Every structure is written in structure tokens, then in C-alpha cells.
Amino acid sequence: MGAEDFTPGLNFIRNIIENDIKAKKNDGRVHTRFPPEPNGYLHIGHAKSICLNFGLAAEYKGLCNLRFDDTNPGKEDVEYVDSIMADVRWLGFDWGDRLYYASDYFEKLYEYALHLIRTGKAYVCALSADQIREYRGTLTEPGQDSPCRERPVTESLDFFQRMRAGEFPDGSYVLRAKIDMASPNLNMRDPVLYRIRRESHHRTGDRWLIYPMYDYTHPISDALEGITHSLCTLEFEDHRPFYDWVLDNLPVPCHPQQIEFARLNLNYTVMSKRKLLELVDKALVRGWDDPRLPTIAGLRRRGYTPESIRAFAESVGVAKRESMVDMALLEHCLRQDLNKRARRVMAVLRPLKVVISNYPEHQVEELEAENNPEDPGAGTRKLPFAREIYIEQDDFREDPPKKFFRLSPGKEIRLKHAYYIRCDEVVKDAKGRVIELRCTYDPESRGGWTKDGRKVLGTSHWVSATHAVDVEVRLYDKLLSVPDPANEKEEKDFKEYLNPNSLEILKGCKVEPGLSEAKPGQYFQFLRQGYFCIDPDSTASIPVFNRSVTLRDSWAKIEKSQQDK
RNA sequence: UGGGGUGUGGCCAAGCGGUAAGGCAUCGGCCUUUGGAGCCGAGAUUCGGAGGUUCGAAUCCUCCCGCCCCAGCCA
């Protein structure tokens, strides 16, 4: 509830599905699949596809398969299949017993290839990769037929079997579909179906020496699994005629419909596998799960919830137009989710000591504090209050600007859940930096109220100096310093636009005592600052917190507009 | 210059011939023991442009313009 408590929007895919159901197409069944290639970690863009495929299936009481498109052994690895399964599960989706691999179909794919050869729809070609490219023609000129195009069926059959048997070296022959070398669609100019590759496959080992291409494998895999709606991204639009050609020319069980939608783009970050890999390889980030990355693993570590990511995926919609979604929307989805469930706690990130001079020297009181104003069921906790406390450095200004409601000399503020304090004296070090404040408190204001109804403008969070626990806090900011490097006048490498301040590490932060027991998987709101979670780098002595997202900060806006003037 | 797509407020996105949903962001206001949250309100005389059809068009037709994708034995 909460984050996903709204009706799903309309989109063109839902329209197609609903029309299909009305028309009783596929007996009214909806069966989708999420088909990643296990050659990298999943990111938020994949999450969109996962939510779409699994979400649509659930919505129409259908099924969604998880299928690994593992037809290119050189790039793939079990490390990736494991991480992909973990990420899909974490996002909250269940493929039941429908876990498939394209490599499971290698034998059938081979049989189907034989069928194409026998029916004169495919032939073994001896042209080299370079020659094939030359023969393919260009965008504006038609291609030329391969000299092998009219190779007799029996001969292609024989050659193809010998390709499988390992009689030929890598790259010497390929199997090609026989379609139309003059087609305006390059994908129809006798596309390659099989290539010879002496490469060990992460599942089939060395059993195969020939591997089918994606364009040939995908439609057949879909058909074998009884997929009804095969959703993929826009760049495959040009491949659809071939998808249909394969299914039209083979005795497959059904003919799924390929539907293309625009992939997700998010500003201030990178989403391409190549770039993510480069950041990881060059140690520009701390790994695939670096909280600055838009990978699922990174978002998880950052403190994003599966619910917030699902809400985001629903919220961005599905359409065919290329778009760039604002990071602010993702952040909004997290805040909206966490606002309802995150326990409020007090943490002082940049401590400034405050001595309450009229508070009895060794006295300690227990003050009651609510855990979440949005959820009375979350209960309350006790907070120790004593003579020496810490407040946030930002909550004090010796020379306050207009509209600054926080502490300054002679001014009074409320300490959340505690007392009103007034600043009497500012203590500075030799360099003139403020290192301590001497304040007096109003004993009548216990709990944060006074009988005289006097109002204080500001409320600060605080922590008892003697009871606070020391922690490390990691603050994250945008990965890139510009929304979209591709839009910059000068064309530079994307790494030139990495935000140098994307990570700020704060040590010696002071948090309320209860937080020493914080566990991974728990979400907190550090009052007035943002949402935080425990990082796996935490040790028994020093907990490490990640800032998942800041709170909206209207003071920051006021301050900025004052500066702009 | 071949083919395939796509153009609705700053960012997304509904709309499918009957007179521009919604979300994010922004700006006001209310409220508040988080300058949080919440609540209320504001903003496209207009849907890439120009023509046309129609009583009526973002929706239909024509032409033009912009942007994206395609010449891997990658997916």
C-alpha cells in the first residue's frame, strides 16, 4: 500500500492486450517473459521491463517466464545469471517453475534449422564476415546474392551437420536464411542463423560448436514457451519482420506478437552496460552495487525499496517515444514509500556541542519520542537528555540571514521532543570558528511546549553528547554533473562529466543510542535530513549509514533564492 | 539520399472526431513539536509547422520540419 496505491495508467500495450482478450486471441491468455542476456548486472532500465512483463501477466491473470538469452557464450557467465535471479526476486517477482534458458533449446533450434534448409529457406554460406558485409549492400543500395545462395539442399544439409560435428574452423561457414538481398530492411538480407564458435558455454560446456543467433533464437523460444506478447525495446522494431518470418516458416506451436516500447532513460546517470562496466572496471565506483549506480544492486544498497522501484516503473509509463525521465521522480517514489514506514530517529551529521548551563550537571532524563508521526502504531521510544548535547552545525548561525528560523545568539528554538533552549554565548577557537554554544533551557518547556503559548520558529534535532554513538555516514549525490552528456555542446567522454562530489564520507557523526542496533534491511528517517540505511561495510564498532535520499528541503530553496538575488 | 519509428506545458504521459486526464518539477497559500509529511490553488486559448475535410480536429487527409533506430558471424 502507499507507494502503489493508485490505479495503473493506460498505455498502448494494455490497449493491445485488452483488445486481444476481447477478440479471444490466444484463448484470452496473457503470457510474457523477461529475457535478459546474462552478460551484466541488471539496472533500473531492466526494472522497467521486469515490472512491465511480470506486472502485465499478474494484472491479466497470466504468466511470466524468466528466460536467459544465452546464445553468445563468450560474453556470458553464471555470476550474471545468479545476480539477475536475485535482483528479479528482490524486486518482488516470481517466475515459479518457469525458469528457462535459450540454451535449453539448442537441440530443437538445430532441428528447426534443418527444417529451414530442407524447405529451401536456409543455406550454408562460405563467405567471410567481411564479404558478407560487402555483399549486404548499404542503407541505400541493395545487396548481392551470395555465391552459395543456390547451394543444393542436400549439400547445405551435409555442411550444416558437419559444422556441428566440428569439421570446420571457426568463422569458415555460417547458416543463413534465404530471404531477399534487396530488401530495404537490412535484417531481411539473408541474415545469419548460426555461426561456428569453439567457445565453452556456461551451461552446455563444450557440447556445441555452433551457436544460434538472437534473431533466430528469440521467436522460436517465445513460441516454444507459448508466449503471447513478446515485449522488447524500440531498436528491435526493424527485426520484427524477421521474427515473423521465422515463425511463419517453421512448424512452431504458436506465433507470439512482438511489441516494442521505449527503453528507460534517466538523467544524471549512465545506463548502458558498456559504461557501467567501464566505471566498475576502472574502479571509478566501488563495484556493481555502488550506491551511486542505477543498478538494481546499487539501488538496493543505497536504500531503495522494491516497492518504490515498482511504483516508479508504473509511474514513468510505457510508450514508444524516446524520453529522458527526471531522477527527481525516482527520488519522489522512494520518499513517498519511506515516509509511511521509516522509523524517525535523530542523528547529528556535523556536530556542534551545546552546553546547557542551567541544566543540573549529572542529571539525565528520559524523554519520550514518537517513532513515526505517519504511523501511530510504530510506538514511541525513550531518549536520554543531559547537560551536554550536539546539534547540527547548520542549525546555528551567528549572523542569521532573513527567514533563518534556527538558533542564533539570543534566539530560542525547540529541541525536538525535549525543551526550548536559548543561545547565550558563542565559544570560538583560535581561528574564530564556532566550537561550542552555551545555552539555557526553559524547564517549563519539557516535551516541547510552554504554558504561556509562546512560539518558537525552529525545531532542531539533537543527541545527548554522553549517550550518542559514533557512526560513519555516506552522502551520495548525482553520478553525473550534467543531465545528459549527449546534449552537451562539446562532445566529451562521459567520464568527463562524472560528478566529483558524488560521494561524501562523514566520520564522527553522532546518532541516538538505539541506532547501534540498526540492521541491514531497516529503513530510517534521520529527522529533517533524509532517509538512511545500514551499509554492509558496517562493523560492530562503527556502523556505516548510507543516505538513500534527502528530504525535500524548503529552507535550501529559500536560501538559494536569497543568494540568487 | 533506403527502410522503420516518433513529435501533447520544464520532465514523463493519457487522449482514438465533440471542444487538453494524471504524476514529477516549479510557483503561491494553509497547516505543522521534522522549514518533513499533508491540504488547497496556479499555470498548454493549445497538442512540431502549414494547408485541407468537418457544424466541430491533438485526434481524419496532404505537404513540410525535427529527433531516434538499422549496414555484428552482439543481444
Side-chain angles (χ1 to χ4, degrees), chain A residues 6-7 9-11 15 35-37 39 69-72 74-76 125 127-129 132-134 136-143 170-176 183-189 191-197 211 213-215 217-218 232-241 260 262 267 273 314-333 335-336 339-340 344 346 369-370 373-374 403-406 414-418 420 445 447-449 456-461 483 525-530 550-559:
Chain A
F6 54 83
T7 49
L10 263 20
N11 64 52
N15 287 341
E37 182 187 15
N39 69 344
D69 239 323
D70 54 350
T71 56
N72 189 8
K75 292 187 174 175
E76 298 154 6
C125 181
L127 254 29
S128 70
I132 286 182
R133 192 182 325 115
E134 283 160 26
R136 185 155 32 226
T138 68
L139 293 177
T140 51
E141 297 158 324
D170 287 13
S172 56
Y173 291 100
V174 291
L175 183 70
R176 291 229 256 167
S183 170
N185 181 344
L186 296 258
N187 295 110
M188 299 299 269
R189 321 244 262 227
V192 170
L193 268 23
Y194 271 88
R195 70 286 213 189
I196 304 173
R197 280 269 168 96
Y211 290 96
M213 300 287 288
Y214 162 87
D215 278 327
T217 307
H218 209 83
C232 62
T233 43
L234 249 31
E235 65 269 28
F236 291 103
E237 268 176 323
D238 289 337
H239 297 232
R240 191 170 63 229
E260 310 85 9
N267 59 16
K273 249 172 206 175
E314 181 59 50
S315 176
V316 295
V318 185
K320 296 198 71 151
R321 94 178 68 143
E322 308 269 359
S323 62
M324 177 72 72
V325 173
D326 194 335
M327 187 60 90
L329 180 59
L330 215 209
E331 297 184 337
H332 163 81
C333 291
R335 287 191 194 103
Q336 182 169 284
N339 177 47
K340 291 286 195 296
R344 269 60 170 175
M346 294 204 281
E370 62 188 348
E374 299 290 319
K403 291 191 181 172
F404 184 82
F405 299 160
R406 282 111 95 141
R414 169 169 40 233
L415 295 176
K416 179 79 176 174
H417 305 305
Y420 291 0
S445 64
W449 296 109
V456 291
L457 259 24
T459 300
S460 284
H461 57 278
Q525 184 192 98
F526 286 7
L527 227 58
R528 304 205 296 138
Q529 314 204 70
T550 61
L551 253 27
R552 294 186 66 204
D553 186 349
S554 48
W555 164 243
K557 275 181 200 164
I558 294 169
E559 197 175 31

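Convention: sequence-line order gives letters A, B, ...; per-chain numbering from 1. Bear in mind the structure is a predicted one, so any value in this text is a computation, not a measurement. Side chains are part of it too, since the values below use all heavy atoms of this structure and drop only hydrogens, waters and symmetry mates.
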Write down the distance separating the [atom1] atoms in [N] and [M], rounded off to the nearest Å.
{"N": "B:rC31", "M": "B:rC40", "atom1": "P", "answer": "15 Å"}
{"N": "B:rU1", "M": "B:rG17", "atom1": "C1'", "answer": "37 Å"}
{"N": "B:rU46", "M": "B:rG7", "atom1": "C1'", "answer": "15 Å"}
{"N": "B:rC11", "M": "B:rG5", "atom1": "P", "answer": "26 Å"}
{"N": "B:rG18", "M": "B:rA25", "atom1": "P", "answer": "33 Å"}

Can a donor-acceptor pair under 3.5 Å be found between the side-chain atoms of [X] and the base atoms of [N]?
{"X": "A:Asp238", "N": "B:rG3", "value": "yes"}
{"X": "A:Glu374", "N": "B:rG36", "value": "yes"}
{"X": "A:Gln525", "N": "B:rU34", "value": "yes"}

Any idea which of [options] is nearest the [X] side chain?
{"X": "A:Asn339", "options": "B:rG36, B:rU26, B:rC73", "result": "B:rG36"}
{"X": "A:Glu235", "options": "B:rC27, B:rC69, B:rG23", "result": "B:rC69"}
{"X": "A:Met213", "options": "B:rG15, B:rG72, B:rA25", "result": "B:rG72"}
{"X": "A:Arg133", "options": "B:rA71, B:rG15, B:rG2", "result": "B:rA71"}
{"X": "A:Arg321", "options": "B:rC11, B:rG7, B:rG2", "result": "B:rG7"}
{"X": "A:Ser315", "options": "B:rU34, B:rG23, B:rG2", "result": "B:rG23"}

### Task
Nearest-nucleotide wise, let me know which of A:Asp326 and A:Arg406 is further upstream toward the 5' end of RNA chain B.
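In this pair, the answer is A:Asp326.
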Establish, with yes or no, whether the OP1 or OP2 oxygen of [N] is under 4.0 angstrom from a side-chain nitrogen or oxygen of [X].
{"X": "A:Asn187", "N": "B:rG3", "value": "no"}
{"X": "A:Arg189", "N": "B:rC70", "value": "no"}
{"X": "A:Arg335", "N": "B:rU34", "value": "no"}
{"X": "A:Arg414", "N": "B:rU32", "value": "no"}

### Query
What integer distance in Å separates A:Leu415:CG from B:rU34:C1'?
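That distance rounds to 13 Å.
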### Query
Taking O4'-C1'-N9-C4 for purines and O4'-C1'-N1-C2 for pyrimidines, is B:rG4 syn (within 90° of 0) or anti?
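The base of B:rG4 is oriented anti (glycosidic angle more than 90° from 0).
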### Task
Using a 4.5 Å cut-off on heavy atoms from C-beta on, say whether the side chain of A:Arg335 contacts that of A:Thr550.
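They are in side-chain contact.
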### Query
Where do A:Arg197 and A:Tyr211 come nearest, in terms of heavy atoms and distance?
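It is O-CE1, 3.4 Å.
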